[in-house]
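Within every chain, numbering begins at 1; the chains are lettered A, B, ... in the order of the sequence lines, protein sequences first and strands thereafter.
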Amino acid sequence: MELTTKAIDSLRIEHITKRFPGVLACDDISLDIGKGEVLALVGENGAGKTTLMNVLMGLYHPDEGRILINGEEVNFRSPNDAFAYGIGMVHQQYMLVPNMTVLENIALGFKQAWKPWKLDLNMVRDRIDAVARQYGLAVDPDAFIWQLSVGEQQRVELVKTLCLGARFLILDEPTSALTPQETDDLIALLKRMSGELSIIFISHKLQEVKDLSSKVAILRHGRVVFQGNTIDHSSSDIAALMTGHEVVLPHNDAPACTMGPMLQLRNLKVRSDRGFLALDDLSLYICKGEIVGLAGVSGNGQRELAEAINGLRKVESGQILFDGKDIANCSPVQVIQAGMGYIPEERNTEGIVPSFSMKENFILKDTDSEKYSSHSFLKNKVVDVEAEQLRQQFDIRSPNIEVAAGSLSGGNIQKVILAREISRSPKFLIAVYPTRGLDMGAAEFIHKQLLQKRNEGVGILLISEELEEITNLSDQVAVIFKGKIQKVLPSSEASRRRLGILMAGVKDDEEI
Amino acid sequence: MTFIVNILSLGIPFSVALLIASLGEMFNQRSGIFNLGCEGMMAMGAFLGMLVPYTIGQGADVPGIYNYLGLLLASGVGALLGLFFGLVVVTFRAPQGIAGIGMQMFGVGTAGTLFRHFIGGTQSVPGINTAPIPGLSKIPILGTLFFNHNPMVYVAFLFVPIAWYILFKTPWGLRVRAVGTHPRAADSIGIQVNKVRFQALAVGGALAGLAGAYLSLCQVKMFSDEIIAGRGFIAVALVYFGHWHPVKIMAGALLFALAQALQLAIQGLGIDFPYEFLVMLPYALVIVVLAFSRKSQKTGPSALGKPFNREIRT
């Protein structure tokens, strides 16, 4: 198929409606993007942003409405049709085949290289080189996708989209999985590119919206509730329109707690899946009623630390003193019974059983307790009453307590996990990336809950890559680098710049 | 020495049916379809393969040509069965394991019934005979081992590099690997996932049918209900054993076939040992090897067994 090189001077979406069984995902949406414009599409999880973009790419067929390019109506039946017009999309979950190389992944869409009996990889390689030079985007064409970090994979996605001739880019939450440094790089890159391309990007990070976009459209419950020029509106205006109320992310300004230590990690050594020492002589302590934020670029031992404390990973040496008792290498059950609460990194696979109902997920850790069972039968009435109460208390938006937990949106799944962990009245809570990928409304709620627990005397280890989240909530900030604690500093002294330097592995930041 | 040469020269033709069938299964699985019905497709191929020379081939001027027509018919019907399987598991998204068991029973049962209807009892066919390669087959030891086989043996081993080339060097192979590992990614870039899966099923079915016909025309030279003897299932296991790679699959097929040749040779020695245990040997070997082989998660088709539906959000 010949790719057109005709510019996209205007793209109009008119009255698009898309229904899924039981859900109205897009409700009469109209948008307008001109040449060289950057439109930010913001809205909470489940507002219909991704669905709308999938319609634009020809992946979903709209039930009503039409799309016009340069004033002409187009009908996309598959992504091929969208590519032909020069529209390309970088999906939130990267669309790369892990067991193929970068080159092969790009060749998959690069149909000019498909000779009947041979795949012309050299042609693809030349094309990658050209794009890399034009936009300053370097990728290693021979690396396998599974070998690449998340940031590198995203670069591959961008290169792929550009190689396929995109002159109109759609980016679905491009920064949600990136480290702060990678995020800054990406924003700078997109700014450079916006001179030559039109861009729609989906985000709920308002800072990026302000930095990058020229126009902003806000979606709520499948409808456009606001459209305007970005410079005319402040971040807090946009946040309020997005959630429907004023958003004030809570701060931790209560005085530091003076109660004794709750969790003491002493000289921990733990191996990663690949066998090297992921935690190398790590020591840290956290008091009752204190939040310690663990800052660091992901992959420096955070996952292993959380798993080791919760009995999910073998401790090679060292101690984990929990309320004075060593729980290193205890089974997960023993750790749970000792009073540990855990909000795991992978909420869909480790936090819940997706096919179980919401109420079943609430009681996963307590199926043997006398509260919920007698003589090996579940007390269904008690479970129902408790579950309904939790659903309301934690504002979990679902039709009822019987829905499969996996069908909920990310924010609601996280609330289910939080509700389960908090309602068990833990002595300590480990929260790993608790608001990753969540919108501001959900993040605000989760932050408030964590702070409330802290004020009730629960110690919290907050593992996050969001520096703002860490400095807002923590009493102390610990920086992890290559399995060691670089430094622990009070959150008042933890500036973004200082943390950034420590996270990059510079030991003594004060001399810089 | 002769003992070893005998085992090797017996084992190589034994491996052919397994090799062809498991290369077909490899294409199925690489595209994300788990075809447990391979056994049934092989049974149909075995029956149809020998039916052609047995009926219209008898008394013909050039009877040899009908053997090859038999192979062709077996492959063609195998491809059709593959497409039918695709209708069930790709279009209607039936659970693949269950549908595969159904295909196995359908194939074995239909082949047996048609056999009793059209042929009746055990009948042997002349089939395709060994074709020693002039000159080369006279080399001591090596000649017996490698150059004194049925023509289909050479063809089967030629399939290994061809399959490798197709899978790793052609656009179609690239598409097959993509839809079997990350169908959503393939879809997002404009590849018709289900179409590629149907194509892979047709190729896999054709090879399964051909493998069956090899048994009835080249190896056993007759048809019986038990002719496949679980080779279809072994082929499925070999694909896992070979990590979806043609060369490693060939190694697995040879290993199994050599074990089979070995047990036959031991039986022939007349040692006082219950032969049932010897017959078990190759099958037990497959289980042991599978249990201890490295489980690689990086190379395999991770979407294996999962139907694709663009509008179901996962």
Side-chain angles (χ1 to χ4, degrees), chain A residues 1 18 20-21 23 25 50-51 54 57-61 76-84 88-91 93-101 103-121 124 144-147 157 160-161 163-164 348 354 406-407 409, chain B residues 26 29-32 161-197 199 203 239-240 242-245 248 294-304 306 308-314:
Chain A
M1 182 185 15
K18 174 70 190 171
F20 288 106
V23 189
T50 303
T51 306
N54 281 335
M57 283 306 293
L59 279 162
Y60 293 162
H61 301 273
F76 294 164
R77 268 158 299 140
S78 92
N80 281 330
D81 298 340
F83 294 147
M89 175 162 173
V90 175
H91 296 258
Q93 274 145 357
Y94 300 150
M95 294 296 180
L96 297 168
V97 184
N99 62 357
M100 303 200 317
T101 62
L103 198 57
E104 288 178 322
N105 265 285
I106 293 173
L108 203 53
F110 198 65
K111 300 193 174 61
Q112 294 96 310
W114 293 6
K115 305 286 150 59
W117 289 104
K118 191 178 179 346
L119 188 62
D120 192 349
L121 286 176
V124 184
F144 281 93
I145 299 301
W146 58 264
Q147 296 171 322
E157 276 282 18
K160 179 176 92 178
T161 312
C163 281
L164 304 186
N348 291 307
S407 69
S409 73
Chain B
M26 178 194 76
Q29 293 199 10
R30 277 281 187 175
S31 80
I162 294 174
W164 175 85
Y165 183 86
I166 289 177
L167 194 59
F168 293 107
K169 298 290 164 193
T170 66
W172 185 73
L174 187 75
R175 294 200 288 275
V176 167
R177 285 185 287 141
V179 301
T181 308
H182 198 334
R184 204 163 277 276
D187 184 43
S188 79
I189 208 165
I191 287 164
Q192 292 171 276
V193 174
N194 288 353
K195 184 173 148 192
V196 176
R197 288 185 167 176
Q199 291 165 341
V203 170
V239 175
Y240 279 85
H243 285 141
W244 301 273
H245 193 286
K248 293 182 199 162
R294 193 170 56 91
K295 310 286 183 300
S296 167
Q297 289 162 350
K298 296 216 170 80
T299 52
S302 45
L304 183 59
K306 294 176 197 148
F308 176 65
N309 186 348
R310 182 189 278 169
E311 301 213 349
I312 294 288
R313 295 185 277 187
T314 45

Is any side-chain heavy atom of [X] closer than 4.5 Å to a side-chain heavy atom of [Y]?
X	Y	value
A/E104	B/R177	yes
B/H182	A/Y94	no
A/P79	B/I189	no
B/S188	A/H91	yes
A/M95	B/R184	yes

Given heavy-atom pairs under 4.5 angstrom as the criterion, report whether the side chain, backbone, both or neither of [X] touches chain B.
X	answer
A/L96	backbone
A/N105	backbone
A/K160	side chain

Do A/L119 and B/W172 pass the side chain to side chain contact (heavy atoms under 4.5 Å, CB included) test, and can you show the C-alpha distance, the side-chain angles, and the key distance before you say yes or no? CA-CA 9 Å; A/L119 188 62; B/W172 185 73; over 6 Å; no
Among B/G190, B/P301, B/P171, who wins on heavy-atom pairs under 4.5 Å with chain A?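 Max contact count across the listed options: B/P171.
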Any sub-3.5 Å donor-acceptor pair from B/Y165's side-chain atoms to A/W117's backbone N or O?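 Yes, B/Y165 side chain to A/W117 backbone: donor-acceptor pair under 3.5 Å.
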Ignoring hydrogens and geometry, is there a side-chain-to-backbone donor-acceptor pair from A/N80 to B/I191 under 3.5 Å?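 No; zero donor-acceptor contacts below 3.5 Å.
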Derivation and outcome, side chain to side chain contact (heavy atoms under 4.5 Å, CB included), residues A/K115 and B/T170: CA-CA 8 Å; A/K115 305 286 150 59; B/T170 66; over 6 Å; no
